[in-house]
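Computed from a predicted structure; not experimentally measured. When reading the values below, keep in mind they use all heavy atoms of this one structure, side chains included, and skip hydrogens, waters and symmetry mates. Start at 1 and go down the list; that is how both ligands and their atoms are numbered.
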Amino acid sequence: MNKLKIYIFAFLYLGIMSGCSFFEAEIPEPAFLDLKSPTLTNNLGQKETHNITDVWVFQDGQILGIFPLPSKVPYTASTASTTIKIVPGIRSNGMQDRAALYAFYEGVETTVSYNPGKTIEIPLNFGFKSNIKIPINESFEFENSFSIDLDLNTNSKLSIDETTSSLGNKSAVMNMTSTTSFAEVASTRAILPSEISGGTSYFEFDYKGEGEIAVGVIKSRNGIFSTEYILFVPGKPNWNRIYVDITDKVQDKNFDSYRISLAFRKPDFALQSRLYIDNIKHFHF
Ligand SMILES: [Ca+2]
Ligand SMILES: [Ca+2]
C-alpha cells in the first residue's frame, strides 16, 4: 500500500469516526410541505370524484419526486423563498406500477418561504385544464348516453338507478341474471378524427358491484364496425375510479368515428349480480 492510499484510508476512517460532520455541514436542514387529501373541482365550480393517488412535486422547475398522498415532502433552498408546483398523479389502467402524471388535471403552484425545520401545508385543490375536450361527460342525472345496445339482447340494458351514486343522486346499473349474463353497450356520442388535436386520451369512470367491466373502443370505417377491448376491470364492493388510457387506440385516426363501448359480465358462481357505473368522462385534447 503506497502512501497516498494510506492517507485516503486515514481520511475516510476519521470521517466515519467523527460521524461525517464535515459532510453534514454541507447539507442544509430541510423544511417540509404538508400534503393532505386533494379535491377536484370542474370548470363550473362543482366537486368531482377522482382517484388521485399521488402527486408529482416540482421545485423551481426541478422534480423533487413522486409522493403518495398524504405526504410530508422535505425541501431545501438556497434562497428565502422557492416556487413549488404540485401536479396530480393517477395509476393508469388501475395498475399500481403505472404512476402517471395526469395531463387533464391542473396542478397548483405557489411560492413558499424556506424556514428550515418548519412545515407548510399546501391545500391540494385541483381543477380541470382549460384547453381539454370532454366529448363524453355522463353522471346519469338527466339521461343515459350509453344507450346503444351492442349485444342485441333487449333484456339487458343499462338503466338509471336512484339507490346509489358516486356523484349526484343517480348512477347507472347493469342487472345480470342467467339469461343476461353478458351485456354490451356503446356511447351515443361518436367522436370524429377532426375533433382530436392529438396527444393523450383517457376514459375514466366510477364503478362498483360484482362481475367484470370491459372498456373498449368501437370504430366505424367505411360503414364497418370493429370493437377492441382495452381493459378488464373487476368489480369492487365500494365505489372506485379507474383511468383507462386509450391514447394508442385513437391517435392514428384510422376511423371515420369512434364510440366508447362497455361490456358487463356476471361472475360465473352468481345467480344474479349488479354492476354500477357513474361519472363517466372521456378526455382528450
Ligand atoms: Ca351520478
Ligand atoms: Ca342488451
Step-by-step salt bridge (Lys or Arg N to Asp or Glu O under 4.0 Å) determination, Lys266 to Glu212: CA-CA 7 Å; Lys266 181 178 73 65; Glu212 186 180 67; over 6 Å; no

The Ca ion (ligand 1) contact by Leu167, N, O or S atom under 3.0 Å: yes

Lys/Arg N to Asp/Glu carboxylate O, Asp206 vs Arg241, below 4.0 Å: yes

Face-on cation placement of Lys208 at Tyr276 ring, 6.0 Å and 45° thresholds: yes

NZ/Lys236: more than 12 non-hydrogen atoms of other groups inside 6.0 Å: no

O (Lys170) to the Ca ion (ligand 1) to OD1 (Asp278) angle, given to the nearest 10 degrees: 90°

Under-3.0 Å protein N/O/S neighbours of the Ca ion (ligand 2), ordered by chain then residue number: Asp149 OD1, Asp149 OD2, Asp151 OD1, Asp151 OD2, Asn153 O, Ser156 O, Ser156 OG

Stepwise ring-ring contact (aromatic ring centres under 6.0 Å, His included) test for Phe128 and Phe283: CA-CA 10 Å; Phe128 292 166; Phe283 287 122; 5.4 Å; yes

At the Ca ion (ligand 1): angle between Glu141 atom OE2 and Ser139 atom O, to 10 degrees: 80°

The Ca ion (ligand 1) to nearest N/O/S of Ser165 below 3.0 Å: no

The Ca ion (ligand 1) to nearest N/O/S of Phe140 less than 3.0 Å: no

Pairing of Glu228 and Lys249 as salt bridge, 4.0 angstrom limit: yes

Hey, can you pull the donor-acceptor pairs under 3.5 Å for the side chains in residues 116-123, sequence neighbours left out?
residue: Glu121; atom: OE1; partner: Lys36; partner atom: NZ; Å: 3.3

Ring center gap for Tyr243 and Tyr102 short of 6.0 angstrom: yes

